[in-house]
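Order of listing sets the numbers, starting from 1, for every ligand and every atom in it. Predicted model, so just to flag it, every value in this text is computed and none were measured.
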Amino acid sequence: MKIMVAIKRVVDYAVKIRVKPDKTGVETSNVKMSMNPFCEIALEEALRIRESGMASEVVAVSMGSAHCVDTLRTGLAMGADRAIHVETPGTLYPLSVAKILKALVDVEKPGLLVLGKQAIDDDCNQTGQMVAGLLDWPQGTFASKVVLDKEKNLATVEREVDGGLETLCLELPAVITTDLRLNQPRYATLPNIMKAKSKVLKKFTPEELNVQIKSDLEVVQVTEPPKRKDGVIVSSVDELIDKLKNEAHVI
Ligand code: AMP
């Protein structure tokens, strides 16, 4: 079985985000970019499944500008067998990504498609659900544990829900999106970073995959959240109680 993993290049989680002066979006030039943390977890899970002998190949895929190749090389250094980059200009919204992923699934025919539960740049949390809908595959979202049964062709997915843990049984092929507690992703070692340079990285255009990139969404404006007012240090418990009584907002 082949596993396809969708990895997105995003502004690094440790970077302090700056809004562009023209308010069209977030500044990404001269900013450290990394693999979306949930995608690292998705890739780690796919690698562990392959290492346990339940899968034969892990293919990492990414859509976006030419810079996505760097993120794919990181994925290859972590252990993916090969990579696919679909180069697209401009902003990509989840439905377009889902359509491209569906087209790639039609070409590659994986038994499992693993995504992060959300990308930390747009926090959409939509792509996995959309691609599962387009493929008409079962979906296990926000997975905190994944167990495959190759003989029965099933995946058991545990997910954290409000009241506790929900366990789903999915018939393969299926879509899984990964939550934070699923695993601890590995670091790419220097020898593996070197090896990754010679791994296969194939390129497609959306046209070659017969996918039209268009969106009914328009970002009107991106603005920074209001600045937080400075805090005050109170000198006594009485003063604190007084402030809580008279100045705190009633919920
Ligand atoms: P989102 O729905 O945008 O929050 O993204 C959820 C997941 O979809 C991400 O963690 C990735 O696995 C996948 N994804 C979204 N956009 C892309 C992209 N441009 N390239 C590759 N994977 C993506």
Ionic contact status for E208 with K202, cut-off 4.0 Å:
no

Could you please provide the protein residues found below 4.0 Å of ligand 1 on a heavy-atom basis, arranged by chain and number?
A6, I7, K8, N36, C39, V61, S62, M63, V97, L115, G116, Q118, A119, D122, C124, N125, Q126, T127

For the backbone of H85 and the side chain of K203, can you confirm whether one donor and one acceptor N or O come within less than 3.5 Å of each other?
no

Pairing donors with acceptors under 3.5 angstrom, does anything connect the side chains of Q126 and D122?
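Their side chains do not contain a donor-acceptor pair, so the 3.5 Å distance test is not met.
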
Residues at least two apart in sequence or cross-chain that pass side-chain contact (heavy atoms from CB on, under 4.5 Å) with T88, listed by chain then number, are V86, L92, I100, P206, I213

Please say yes or no: joined through hydrophobic side-chain contacts below 4.5 Å, possibly via intermediate residues, are V15 and V26 part of one cluster?
yes

Member of Q118, R159, K117 meeting the side-chain contact (heavy atoms from CB on, under 4.5 Å) criterion with T177:
K117

